[in-house]
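Please read the structure below before turning to the comments.
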Amino acid sequence: MILKITNTPKNLPPVVIVPVASGEGLPAAIQAVASAAGMDAALITADFRAEHGEVQLLYTASTRFFLLGMGAKPAFQDVLKAFRSFSGKYRQKLGAETGISLLHQNLSGAAATWVEAAVNGLALGAYRIGRFKKMPDGNGHPLSAPDATLEILAEQSLAASCEQAARRGLAIAETQMSIFDLVNAPSNKKNPSDLAQWALESGKKYGYQVRSLGKEQILAEGLHALLAVNRGSEYPPAFIIMEYRPETIPPAGLKKIGLVGKGVTFDTGGLSIKPSANMHYMKSDMGGAAAVFGAMEVAAKLQLPVHLIGIVPSTDNSVDAKAIKPSDVIDSYSGKAIEVIDTDAEGRLILADGLCYMARNYRPDTMIDLATLTGSTVRTFGYHAAGLFSNNDELAARIYQAGERTGERNWRLPLWDAYKDDIKSDVADLRNFSGKPMAGAIGAAKFLEAFIEDHPAWAHLDIAGVAFNDSEFSSQKSATAFGVRLLVDYLSHLEGGRE
Ligand code: BES
Ligand code: ZN
Ligand code: ZN
């Protein structure tokens, strides 16, 4: 998609979308559109309330004006959602030349923020889930044509900031769609080596380093917990390590952030096998890895001023004669022995190796892991928020605020030592599950905490309920790319960081 910024209300593109909030300023916004369209404002006022998602189409001699309602005092995600939904539903009416007008709107606040949300939503609305269809239904979205143009109509004084925001919105959307593809892919099209391949290609394209350790190297490094989960698999594991630094800033002044993502390409539960009803959702058990991939890619695309390390341990969790069994005692990278009570608590095993490897070898200032880790989080927060755990109040506050700004919400749960009994083992240094159907998300977080080498600024996001969700864009649950926008926002607001 080609982006253009113009400030002339003459020569309007054939389609112009005008975001309009309800409440204060609505009459003025309608008046502005009415005069641009050569229409009577009273007629428009009678039909259009600017409620969230409301669409009013006005035909003029050469342009279709779409008034797009944002509701009252819209937040970033309200604008994004309205545009995404509009873009999906009205794809037939949009052309390869579409404009978004800020000349006629009444959104209060920084215009650039609304532009980023609008462009991001418009681009995401073009996503198509049917990648594996042999007989595609319908036509593509006009804005996904390579020569499609998106024109932002804004005052001259806002042109530079709006252009930057539009580029950012588009860059993030493109990465998010690639992450949708990755998470939506079924496990037979997505082995650990495919995740590694995704990262290698992304690193090459956007200029960050990627290497993937194969089975031999994983063994040589002593990543025994990852190997233990992989025992039941037909495919070798991968341990993917990514590193990004901006080209123009010397690393000394940069914060070093370590991201670790759970990359289970399919979770059958292993011998503690899952019921079959919803097992197909477990192709999304690499949602944490996907968030880390997405954040790495966007950071490199936008050249964010941060030193970023990403680690993704990856395997599937399958059933086989060689698979680990409940009661097995396994080794780990940390040197701690783990009693496996439940083979379905596999995510914490591979993350234990990922987190410890990160802490020991990279010593980042801050360490954040993301994982579709527990059903307990889904029961606690439903599909609306991730569970947040942290041993650092400032870090927790920053992640929470990023969640509020982006709509990728999260809520903190405790890491009190009262829960430590849940992971005490008689026969090993710790066990991977308490055996009780209580406080499951906290027990998992306490387990991870044992592998961070006492790092003072660690956060864990349990994204089990939010990585793969119902949406108006698919008839079944599908990928959300949760975490990409959250992490990018968090990284963009780091101390001394520039947006
Ligand atoms: N991948 C699952 C968690 C999950 C559940 C993700 C629902 C997305 C939606 C994880 O590996 C798992 O199986 N967790 C178990 C742990 C239990 C056996 C201690 C769970 O939460 O039931
Ligand atoms: Zn599991
Ligand atoms: Zn899992």
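Numbering of residues begins at 1 and proceeds along the displayed sequence. We count ligands from 1, going down the list as the structure has it; atoms in each ligand are counted the same way.
With L308 as the fixed residue, the side chain to side chain contact (heavy atoms under 4.5 Å, CB included) test singles out one of I257, L254, V292: I257.
Among the backbone and side-chain atoms of D267, an N/O/S atom is found under 2.8 Å from the Zn ion (ligand 2). For the Zn ion (ligand 3), the N/O/S atoms of V264 include none lying under 2.8 Å. For D344, every N, O or S atom stays at 2.8 Å or more from the Zn ion (ligand 3).
Judged by distance alone, with hydrogens and angles left aside, the side-chain atoms of D316 form no donor-acceptor pair with the main-chain N or O of S233 at under 3.5 Å. The backbone N or O of Y362 sits less than 3.5 Å from a side-chain atom of K256, completing a donor-acceptor pair.
Put simply, the angle at the Zn ion (ligand 3) from OD2 in D285 to NZ in K262 is close to 90°, to the nearest 10°.
Annotation: side chain of Q92 is not in contact with side chain of Y90 (no heavy-atom distance under 4.5 Å).
A cation-pi arrangement is absent between K283 and F266, since the terminal nitrogen or guanidinium carbon is not both under 6.0 Å from the aromatic centre and inside a 45° cone about the axis. Taking the ring centre of F473 as origin, the terminal cationic atom of R84 falls inside the region bounded by 6.0 Å and 45° from the ring axis.
Annotation: F447 is not in aromatic contact with F433 [ring centroid separation under 6.0 Å not met].
In this structure, ligand 1 sits under 4.0 Å from heavy atoms belonging to K262, D267, K274, M282, D285, D342, D344, A345, E346, R348, T372, L373, T374, G375, F433, A464.
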> Do E495 and R398 pass the salt bridge (charged side-chain N to carboxylate O under 4.0 Å, His left out) test, and can you show the C-alpha distance, the side-chain angles, and the key distance before you say yes or no?
Replying inline: CA-CA 11 Å; E495 222 85 289; R398 284 176 179 275; 3.0 Å; yes

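The N, O or S atom of E346 lying closest to the Zn ion (ligand 3) is OE2.
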